[in-house]
Number of protein chains: 2
Amino acid sequence: MAVTLADVAARAGVSAATVSRVLNGNYPVAGSTRERVLRAVDDLDYVVNGHARALAAATSDLVGVLVNDVADPFFGLIASAVQGEISGGADQPSGLPAGAGKLAVVCNTGGSPEAELNYLTLLERQRAAGVVLTGGAVEGTGHSTAVAGRLARLAASGTRIVLCGRPPVPELADLPGAAADSVMTVAFDNRGGAQRLTEHLLALGHRTIGYVAGPAERSTTRHRLEGHRAALAEAGLAGSPAELDRLTVHGYYDRSSGYDAALELLRREPGLTAVVAANDTVALGVCAALRERGLRIPEDISVAGFDDLPFSVDAAPALTTVRIPLQEAGARAGRLVMGRQAPPPGGLATVRTELMVRASTAAPRKGA
Amino acid sequence: MAVTLADVAARAGVSAATVSRVLNGNYPVAGSTRERVLRAVDDLDYVVNGHARALAAATSDLVGVLVNDVADPFFGLIASAVQGEISGGADQPSGLPAGAGKLAVVCNTGGSPEAELNYLTLLERQRAAGVVLTGGAVEGTGHSTAVAGRLARLAASGTRIVLCGRPPVPELADLPGAAADSVMTVAFDNRGGAQRLTEHLLALGHRTIGYVAGPAERSTTRHRLEGHRAALAEAGLAGSPAELDRLTVHGYYDRSSGYDAALELLRREPGLTAVVAANDTVALGVCAALRERGLRIPEDISVAGFDDLPFSVDAAPALTTVRIPLQEAGARAGRLVMGRQAPPPGGLATVRTELMVRASTAAPRKGA
DNA sequence: GCGGTGGGGGAATGCGCTTTCTGCCGCCCA
DNA sequence: TGGGCGGCAGAAAGCGCATTCCCCCACCGC
C-alpha cells in the first residue's frame, strides 16, 4: 500500500541502502545517483516511516511537553515557546530534507499526579528525545519520588529532561555518568517576585492584606506564599501563624476560586485593604467578587495578581502583577531540551521576575 | 541497555509471542502464564517500545492537532478539549494496560501555510492515527489544493481527519472507498454569529459601524465579514463596496492589530459609533486605542468582539461578543478523530454560536 | 603493467514487536 | 479406545529502515 524505501530504490535503480544514505546525507553518494534517487522520491511521493527509522536508528523525533492545562495562557505561552524552539529553529518547521526539528507532544495533566506519571510512561514508550515538565511540582506525597524515578530512567536512556517553572529534583542530582547532565532546570523566582509584590503593597501603606493561594501541595503555591510572608515579616507584620492563616485562603488557579476566596476573606476580615492573588486569573475572580460587593478597585481595596498574563493589562482596572518572562523561559527550555544550548552551571537557571505596578493597587483609604 | 520483550519472556520462561499477547490481551493466555508474565514485566520495569509496536502492527498512538498558536486561548481551549478526549476517555490518560488513549501532538503553525504542510508531512511520516486541523483555512492561493492533496493521502492511508472551525474541503468529498468517511468537519457558524452581532448593534441604533477584520485570505475572516455585511444589507445599509471597504480594516488576530485598526478607523471616519472586531483579543486592542483617544465605552462608542474567550467577561467593560462553544467543539472533534463517535450526516457538523450581550455595547449618543 | 588506494554502492543483519502458522496436549464423544 | 477438537504456546516471518561489512572499480604512483 504505502510507498517504501524499497520502492524508491527500485525506481531509482539503486539499493535501499543508497536511498537511505541520500535521505540522511550521512554518507558520500555520487551527485548523479543522488539526483536519480531524489527524483524517484518525488515521483513516488515517498515519505519515510518514522517508526521504522526510529526503531532502526534508536532515535526519536518526539519531545514531550507536560503542562497542567494548555487552555491556561500561562502554560499555553510556555508550550508555544518550547514548541517554537524544538520544531526546527527560529523559523518554520524544517522541510523534508533537513528534519532537525522535532515534534512536540503536549500532554495535559490537568494537574493530576497520576496523569503526569502516565504520560511519562507513554513518553518513555515512545522513546522520546526529550521531556519538558512545566508547572509547579506536587509536594508532600510519594508523588515526587515516583516522578523522580521515572525521570531517572528516562535520563538513563538518553532522554533529555528540562524542568520549567518547577524546582530541581534532588534525587536526580547524582545520577550515574552522563545522565546527570541531561537533567536541567529553568526555575522561576516566585519567592522573590511575591516578596517584592507584597513590599509594594506595604509601601503603599497596606497593613491588612489577604492572600488567595493556590493548591496547598504545589511548590509554586508554597514559594509565592513564602515570599509574601517574608515581606510581611520584614515589615514586622508577621503575626501569629493563626493570624497569617486567617488571611490566607487556598483554592485552585482559576477564576472561580478567586471569586469564592475573596468572599471568604471578606467574611473573615471586613477590614481588608488589599488582596494578593495566586495568579492573574485568580485575581480576576477576586476583582469580580469585590466589585459585586460594591467595593471599588483600587479606591476601596487593592488587588494584585501574578504572572502578568496578556489579558492583565486589559482587565478592569489594569492589574498590578509580577511578570514572569514565560516565552523566554519556554524558549530556553526548548533549546536546552534540544541540546542546542549549553546547560547552565549546575544545570539550574533561574529567570528573574519583575514587579509590574498598574492601576489595581493604590494607597488604602485614609479611613481604613 | 533497555529492557526488551525478549528479556521479559526469558524471565517469565515463555516465548516473546506470549508476552506480546499478554500485553495486548488480544489472544487467550492461561491465567497462570499471564500472571508470571505480568510479574516479570513488573520486576523488570518493562515499557514497550512504541516504535517497534507501531512498525509491526502498522498502527500509531499519535494524533496530530494543528493550531495557529497554542498560546492563543482560542486554540488552547480547542486543543485542550481535543486532548482530553483522545488521551483515554473522560478520565485520566489510561495506564499501562488499557492504552486505548493516544498522544496529542500539538503543532503550532503560526498561521503559516508552509508550516501547516510541513507538519502534515511530519505526521504522515509518523503514520499518525488521526489529525485535527483547527482554525480557518487559508484561501485563494494554491495552498488549499496542496493541503487537500496531503489530506487525501493521509485519509487514504487510514488516518482519520477532522477539520475543526474550518470549512469542509470539497476535493475530499469524493475520495475512493472508505477514505471519504474518514474526513469529517466540525464547523463554526461564524457567518450567522457575525450577522446576529451586527443586527444587535443595528437594533441599538448604530448606523456607522467600523469593522476590524482578520487577515483577508482566511476563511474565518471572510465568513465573519460576510455575516456582518449581510446584516447591514438587510437593514438597507449596504452602501457601495467602496463605502463598505472604507469602514473595514484588516489586520491579524492580535491585540496590537486591533489597536492600530481602531486608530485607522477613527481617522477614516470620526463619526464612528461602533466597532466590531474580528475576535475578542482584537477587541481588547480596539478598546485600548479608543480609551486613549478619550472615548468612553460604551457611552461614546460601542465595541464588540467574537469567540467569548474567558477573559472577555473581565474586560473593561465586559465585552459583548459571540460565544463559540470551543471546548464542546474540540471534544467532539476529539471523539470523531478517535472514532468514538459516529460521524455526523454528510461528515459535517456545524456548532451554533450565541450572541452574548454585555456592557461594551449600548445605544449611540443622541448627538451622534 | 602492477599493487595500492579510496570513493561509491550493494548485501545482509538487526532494531523490538506483532502475527500468522503450527503444534502440542488433554478432553469429549462415539 | 481412537479420532477430533479446543485451548494455549512456540517458531518464525516480517514491518521499513539504518548500518556494518564488504566489494568493485576507477585511478594513481612506481
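Excluded from the calculations below are hydrogen atoms, water molecules and symmetry mates; all remaining heavy atoms, backbone and side chain alike, are included. Throughout, protein chains are lettered first and strands after them, A, B, ... in sequence-line order, and every chain is numbered starting at 1.
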Ignoring the backbone of [X], work out which of [options] is nearest its side chain.
{"X": "A/N49", "options": "D/dC17, C/dG10, C/dC17", "result": "D/dC17"}
{"X": "A/P28", "options": "C/dG16, C/dG9, C/dG8", "result": "C/dG8"}
{"X": "A/T18", "options": "C/dG10, D/dA18, C/dG8", "result": "C/dG10"}
{"X": "A/L55", "options": "C/dC15, C/dG8, D/dA18", "result": "C/dC15"}
{"X": "B/S15", "options": "D/dG16, D/dC8, D/dA11", "result": "D/dA11"}
{"X": "A/L5", "options": "C/dG16, D/dC21, D/dC17", "result": "D/dC17"}
{"X": "B/A17", "options": "C/dT19, D/dA9, C/dG16", "result": "C/dT19"}

For B/V19, answer base if it contacts any base atom (sugar-phosphate contacts may also be present), sugar-phosphate if it contacts only those atoms, and nothing otherwise; contact means non-hydrogen atoms under 4.0 Å.
nothing
What's B/A57 touching, base or sugar-phosphate or nothing? Going by heavy atoms closer than 4.0 Å.
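The answer is sugar-phosphate, as B/A57 gets under 4.0 Å only of primed atoms, P, OP1 or OP2.
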Test for a donor-acceptor pair under 3.5 Å between the base of C/dT19 and the side chain of B/R53, counting only N and O atoms.
no
Confirm from the modelled atom types if B/R21 and D/dG10 form a donor-acceptor pair under 3.5 Å, side chain to base only.
yes
Using a 3.5 Å distance criterion without hydrogens, assess whether the side chain of B/R340 forms a donor-acceptor pair with backbone atoms of B/R335.
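Not at all, since once roles are kept as given, no pair shorter than 3.5 Å links the two residues.
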Between A/H51 (side chain) and B/Q126 (backbone), is there a donor-acceptor pair under 3.5 Å?
yes
OP1 or OP2 of [N] less than 4.0 angstrom from a side-chain nitrogen or oxygen of [X], does that happen here?
{"X": "B/N26", "N": "C/dT19", "answer": "yes"}
{"X": "A/T33", "N": "C/dG8", "answer": "no"}
{"X": "A/S20", "N": "D/dC17", "answer": "no"}

Measuring from A/L103:CG to A/S60:OG, what's the distance to the nearest 0.5 Å?
9.0 Å
Please report the distance, rounded to the nearest Å, between CD in B/Q126 and P in D/dC15.
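Roughly 20 Å, once rounded to whole Å.
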What is the distance from NE2 of A/H51 to P of C/dG14, rounded to the nearest Å?
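Interatomic distance, NE2 of A/H51 to P of C/dG14: 24 Å.
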Just so I know, are the side chains of B/L23 and B/V19 near enough to count as touching, which here means a heavy-atom distance under 4.5 Å?
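The answer is yes; the side chains approach within 4.5 Å.
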First encountered from the 5' end of DNA chain C, between B/Y27 and B/A52
B/A52
Pairing donors with acceptors under 3.5 angstrom, does anything connect the side chains of B/Y119 and A/S87?
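Present: a donor and an acceptor within the cut-off.
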